[in-house]
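The figures that follow rest on heavy atoms only: side chains count, while hydrogens, waters and symmetry mates do not.
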Amino acid sequence: MGNVTSNVAAKFAFFPPDPPTYDVIREEDGRLVFSGLTADKNVDVHLLDTKGGSKIVATFWRHPFARFTILYSHGNAADLGQMQELFIELRAHLRVNIMSYDYSGYGASTGKPSEFNTYYDIEAVYNCLKREYGLKQEDVILYGQSVGSGPTLHLASRSPKLRGVVLHSAILSGIRVLYPVKMTFWFDIFKNIDKIRQVNCPVLVIH
């Protein structure tokens, strides 16, 4: 029953751009590149395996003097191809690295979008940050916009030493987007209102 409910909820919760706005291409030397991206040696492209069986696209935008790294979970109806200019501006003005990714079923990521797949997605990306770049929790700021607040709070509730969390137009839960209910139902998705109580680091909420 839980799977059926989750599948129905997913139809209302996720709107990946169709068609995707970019492709990932493998060069002759084996390096992955992003179509439409101007030459930028400070961007790494990754294809990551998740616990849900998807292969998701992640991009690491490196700043030479960065102290912190933002792990950015974007909003609905968008993919990485549409977010490039934002990441370039954020990197330049904030002097941070930015790790961004497309959820399962978004952009060039395989699989189907679902609540639990977004959790598997962000876990794979966070593990990549630790494995490939040697980052510690204390160096990472999670940024979740709209539906991206779900995977952001999932990871934040399990990571007590994060530098901080930014919630941009976050949702309380899936049902609370539609109805002003006062309690959490078992079949609800993205139970952010409950998970935020388990977050120990500083949190900035913006709308």
**Asked** Do the charged groups of Arg67 and Asp139 touch, with an N to O distance under 4.0 Å?
**Response** no
**Prompt:** Among Tyr101, Tyr143, Tyr103, whose side-chain hydrogen bond (donor to acceptor under 3.5 Å, both in side chains) with Ser73 holds?
**Reply:** Tyr101
For a quick test of reading the model, state the closest non-hydrogen atom pair linking [X] to [Y] and the distance between them.
{"X": "Thr152", "Y": "Gly148", "value": "OG1-O, 2.8 Å"}
{"X": "Val45", "Y": "Leu32", "value": "CB-O, 3.6 Å"}
{"X": "Gly105", "Y": "Pro16", "value": "O-CB, 3.5 Å"}
{"X": "Asn117", "Y": "Lys112", "value": "ND2-O, 2.7 Å"}
{"X": "Leu48", "Y": "Ala58", "value": "CD1-CB, 3.9 Å"}
{"X": "Arg91", "Y": "His63", "value": "O-CD2, 3.1 Å"}

**Asked** Would you say the side chains of Tyr133 and Asp44 form a donor-acceptor pair under 3.5 Å?
**Response** yes
**Prompt:** Between the side chains of Asn192 and Ser173, does any donor sit under 3.5 Å from an acceptor?
**Reply:** no
Could you tell me if the side chain of [Y] sits less than 4.5 Å from the side chain of [X], heavy atoms only?
{"X": "Cys201", "Y": "Gln137", "result": "no"}
{"X": "Leu80", "Y": "Val57", "result": "yes"}
{"X": "Val203", "Y": "Val166", "result": "no"}
{"X": "Cys128", "Y": "Met99", "result": "yes"}
{"X": "Thr69", "Y": "Ile141", "result": "no"}
{"X": "Leu162", "Y": "Leu142", "result": "yes"}
{"X": "Phe60", "Y": "Leu129", "result": "yes"}
{"X": "Tyr126", "Y": "Leu135", "result": "no"}

**Message:** Using side-chain contact (heavy atoms from CB on, under 4.5 Å), reason through Thr118 and Val147 one step at a time and then give a plain yes or no.
**Reply:** CA-CA 10 Å; Thr118 65; Val147 74; over 6 Å; no
Sidechain-backbone polar pair: [X] side chain, [Y] backbone, donor-acceptor under 3.5 Å:
{"X": "Ser169", "Y": "Ser146", "result": "no"}
{"X": "Ser35", "Y": "Asp23", "result": "yes"}
{"X": "Ser109", "Y": "Asp102", "result": "yes"}
{"X": "Ser157", "Y": "His154", "result": "yes"}
{"X": "Asp79", "Y": "Tyr106", "result": "no"}
{"X": "Gln145", "Y": "His74", "result": "no"}

Gap separating the [atom1] atom of [X] from the [atom2] atom of [Y], nearest 0.5 angstrom:
{"X": "Asn127", "Y": "Thr50", "atom1": "CG", "atom2": "OG1", "result": "11.0 Å"}
{"X": "Met83", "Y": "Ile98", "atom1": "CE", "atom2": "CD1", "result": "9.5 Å"}
{"X": "Ile70", "Y": "Arg163", "atom1": "CD1", "atom2": "CZ", "result": "13.0 Å"}
{"X": "Gln198", "Y": "Ser159", "atom1": "CD", "atom2": "OG", "result": "11.5 Å"}
{"X": "Arg95", "Y": "Leu90", "atom1": "CZ", "atom2": "CG", "result": "14.5 Å"}
{"X": "Phe87", "Y": "Ser100", "atom1": "CZ", "atom2": "OG", "result": "4.0 Å"}

For residues [X] and [Y]: do they belong to one hydrophobic cluster (side chain heavy atoms under 4.5 Å, members Ile, Leu, Val, Met, Phe, Trp, Tyr)?
{"X": "Val181", "Y": "Leu172", "value": "no"}
{"X": "Val43", "Y": "Ile25", "value": "no"}
{"X": "Ile171", "Y": "Val205", "value": "yes"}

**Message:** With a 6.0 Å cut-off (strictly less than), is the heavy-atom count around CD of Glu27, excluding the residue itself, greater than 12?
**Reply:** yes
**Working for side-chain contact (heavy atoms from CB on, under 4.5 Å), residues Thr184 and Ile193** = CA-CA 9 Å; Thr184 300; Ile193 193 171; 4.1 Å; yes
**Asked** Is there a side-chain hydrogen bond (donor to acceptor under 3.5 Å, both in side chains) between Tyr119 and Glu123 once you walk through the steps?
**Response** CA-CA 6 Å; Tyr119 299 160; Glu123 288 172 3; over 6 Å; no
**Residue pair Ile189, Lys191: steps toward the side-chain contact (heavy atoms from CB on, under 4.5 Å) verdict** = CA-CA 6 Å; Ile189 64 172; Lys191 302 178 181 71; over 6 Å; no
**Item:** Tyr22 and Gln84: CA distance, side-chain angles, deciding distance, side-chain hydrogen bond (donor to acceptor under 3.5 Å, both in side chains) verdict
**Value:** CA-CA 11 Å; Tyr22 70 95; Gln84 294 179 37; over 6 Å; no
**Request:** Check step by step if side-chain contact (heavy atoms from CB on, under 4.5 Å) holds for Trp61 and Ile88.
**Result:** CA-CA 8 Å; Trp61 301 71; Ile88 291 169; 3.5 Å; yes
